[in-house]
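We count ligands from 1, going down the list as the structure has it; atoms in each ligand are counted the same way.
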Amino acid sequence: MLTTTKVKQVAGEITVPGDKSISHRAVMFSSMAKGKAHISGFLPGADCMSTIDCFRKMGVVIDHARGDQVTVDSQGMDGWLEPANILDVGNSGTTIRLMAGILAGRPFHSVLIGDESIAGRPMNRIAQPLRELGARIDGRGGGEFTPLSIRGGGLQGIEYHSPVASAQVKSAILLAGLQASGTTTIYEPHLSRDHTEAMLSSFGVKLETFAGGVSIEGGQTLQQQEEIHVPGDISSAAFLLAAAAIVPGSNLLIKNVGINPTRTGILDVLIEMGAKLEIQNEREQSGERVADLYIEHAPLRGIEISGEIIPRLIDEIPVIAVIATQAEGRTVIKDAAELKVKETNRIDVTVAELRKMGASIEPTDDGMIIEGPRPLQGAACHSHGDHRIGMAMAVAGLVAEGETTVSGAAAIDISFPGFGELLAAVVER
Ligand code: S3P
């Protein structure tokens with residue numbers, strides 16, 4: 001259980017844990033390459049630990065003695081063992097979808113399962129194109145749901161038009177395409193996060209990116225990287241930025257945050273809503289843009305959020321809804337039907353939880369409409385097992401009268417271990 005109450009100010013200088021998307025990929029790609037890699041800034045959250053566990057089950061030696069430091073020692077993909085047991089991805093959509101792409105190219109059998117949330121999330125979005133590449137993939141409901149059984153190998157490149165802008169789909173296909181003969185091309189309706197492309201490039205893999213898609217030539221070998229630095233997660237920073245944005249008088253500096261342009265929709269939204277935000281000390285680290293983010297509270301206004309920006313802020317929408325409750329006027333979020341197939345149905349759950357606090361929020365088919373500003377009342381909220389919902393409600397509690405309790409707060413460890421402590425350290429009561 002996490003409890004928050006109304007605070008006077010949010011202030012300080014902090015860092016946030018490592019980027020979840022990049023941490024997964026650092027473990028995956030260094031396990032695919034041959035030799036030893038050291039990863040610093042790794043996110044020791046439950047999802048990334050599931051990724052480590054999957055590779056250990058295939059014989060990769062992974063040392064994770066200390067929080068954000070990981071060492072991977074691999075024989076390369078050809079040295080992996082056929083897993084003697086099922087690979088359990090826990091709550092992690094990124095692990096199951098990217099692993100499926102990787103395993104589709106391996107000449108052995110493997111089975112992927114996850115928790116209750118994973119069991120309800122769509123898998124044909126990757127299983128179907130991976131079958132087109134030549135992998136044998138089956139699962140419950142015709143391959144739509146876990147457990148997924150994969151017999152990989154013998155792949156042939158394809159051209160695939162993805163109906164969704166999803167980095168998990170794009171990455172699964174690229175990682176299978178890397179092991180296929182010939183070229184694999186994937187087109188997506190809007191550009192999704194491109195950490196796979198960026199990190200594969202730093203491992204020496206050649207990809208061709210163009211407006212609307214990306215191509216990869218099969219048969220390339222990953223060159224092991226001795227050092228991989230993972231920047232702070234902008235999706236975690238978003239909860240602290242939101243807290244500072246809605247609490248009058250706040251000023252907060254978050255150092256060392258990844259600002260890959262495919263992830264910075266939250267910064268664009270905060271600026272458009274009226275927050276005072278500065279991107280300072282921009283630099284490059286392991287092929288990713290990194291900066292310090294400074295934010296000051298200022299009066300906020302409602303805006304419309306739709307179209308190409310949606311994949312650039314998809315994980316931030318629950319906390320954007322919280323910000324919108326404190327903004328003058330109407331905030332409309334559209335084109336975000338993907339929210340329904342995240343860790344929870346984030347349209348329904350965000351609406352239900354914020355309504356408990358007195359917010360004016362309406363669900364729509366592909367998003368939500370929020371009227372502000374509304375004074376919020378503390379309430380008994382629930383994470384529904386969804387880390388981002390738990391954190392969003394805790395942030396809402398910072399401007400609510402009375403006490404807000406978030407039960408199921410253990411889920412927060414999936415992406416932001418130490419969130420409660422960090423929040424407590426920056427608030428002034
Ligand atoms: C992720 C991609 C996104 C995002 C998820 C992480 C990734 O999912 O929501 O938290 O690391 O590739 P989709 O690809 O399903 O949009």
**Student:** Hey, does R125 come in under 3.5 Å of ligand 1, counting only N/O atoms on both sides?
**Tutor:**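 No; the residue has no nitrogen or oxygen that sits under 3.5 Å from a nitrogen or oxygen of the ligand.
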
**Student:** Report the nearest protein non-hydrogen atom to atom 6 (C) of ligand 1: residue, atom name, distance rounded to 0.1 Å.
**Tutor:**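 So the nearest neighbour among protein heavy atoms is T94 OG1, 3.4 Å.
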
**Student:** At under 4.0 Å between heavy atoms, is it the side chain or the backbone of H24 that contacts ligand 1, or both, or neither?
**Tutor:**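 Neither; no heavy atom under 4.0 Å.
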
**Student:** So is R388 polar-close to ligand 1, meaning N/O to N/O under 3.5 Å?
**Tutor:**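 No, R388 has no N/O under 3.5 Å of an N/O on ligand 1.
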
**Student:** Establish, from distance only, whether the side-chain atoms of S21 and H195 form a donor-acceptor pair under 3.5 Å.
**Tutor:**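 No, no side-chain donor-acceptor contact under 3.5 Å.
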
**Student:** To which protein heavy atom is atom 12 (O) of ligand 1 closest, and what is the distance rounded to 0.1 Å?
**Tutor:**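 For atom 12 (O) of ligand 1, the nearest protein heavy atom comes out as R25 NH2, 2.7 Å.
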
**Student:** Counting neighbours of CD on E226 that are heavy atoms of other residues, nucleotides or ligands and sit closer than 6.0 Å, is the number greater than 12?
**Tutor:**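 Not buried by this count: 12 neighbours or fewer within 6.0 Å.
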
**Student:** Between K342 and ligand 1, which part of the residue brings a heavy atom under 4.0 Å of the ligand: side chain, backbone, both or neither?
**Tutor:**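 The part of K342 near ligand 1 is the side chain, not the backbone.
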
**Student:** Is a side-chain donor-acceptor pair under 3.5 Å present for S166 with Q168?
**Tutor:**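 Result is no, nothing qualifies.
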
**Student:** Determine, using ring centers only, whether F419 and H387 are less than 6.0 Å apart.
**Tutor:**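 Centroid distance H387-F419: not below 6.0 Å, so no.
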
**Student:** For ligand 1, is there an N or O atom under 3.5 Å from any N or O atom of S21?
**Tutor:**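 So ligand 1 has an N or O lying under 3.5 Å from an N or O of S21.
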
**Student:** Give yes if a backbone or side-chain nitrogen or oxygen of A167 is under 3.5 Å from a nitrogen or oxygen of ligand 1, and no if not.
**Tutor:**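 For ligand 1, there is an N or O atom that lies under 3.5 Å from one belonging to A167.
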
**Student:** Would you mind listing which atoms of ligand 1 come within a distance below 4.0 Å of any non-hydrogen atom of D315?
**Tutor:**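 Those qualifying, in numeric order: 4 (C), 5 (C), 9 (O), 10 (O).
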
**Student:** Within the 3.5 Å criterion, strictly below it, is a donor on N91 or R121 matched to an acceptor on the partner's side chain?
**Tutor:**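 R121 and N91 do not have a side-chain donor-acceptor pair below 3.5 Å.
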
**Student:** Give the atom numbers and elements of ligand 1 that come within less than 4.0 Å of a heavy atom of K20.
**Tutor:**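 Ligand 1 atoms under the 4.0 Å threshold to K20: 10 (O).
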
**Student:** Flag S166 as yes when one of its N or O atoms lies below 3.5 Å from any N or O atom of ligand 1, and as no otherwise.
**Tutor:**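 Min N/O separation from ligand 1 is below 3.5 Å for S166.
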
**Student:** Can an N or O of Q168 be found at a distance shorter than 3.5 Å from an N or O of ligand 1?
**Tutor:**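 Min N/O separation from ligand 1 is below 3.5 Å for Q168.
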
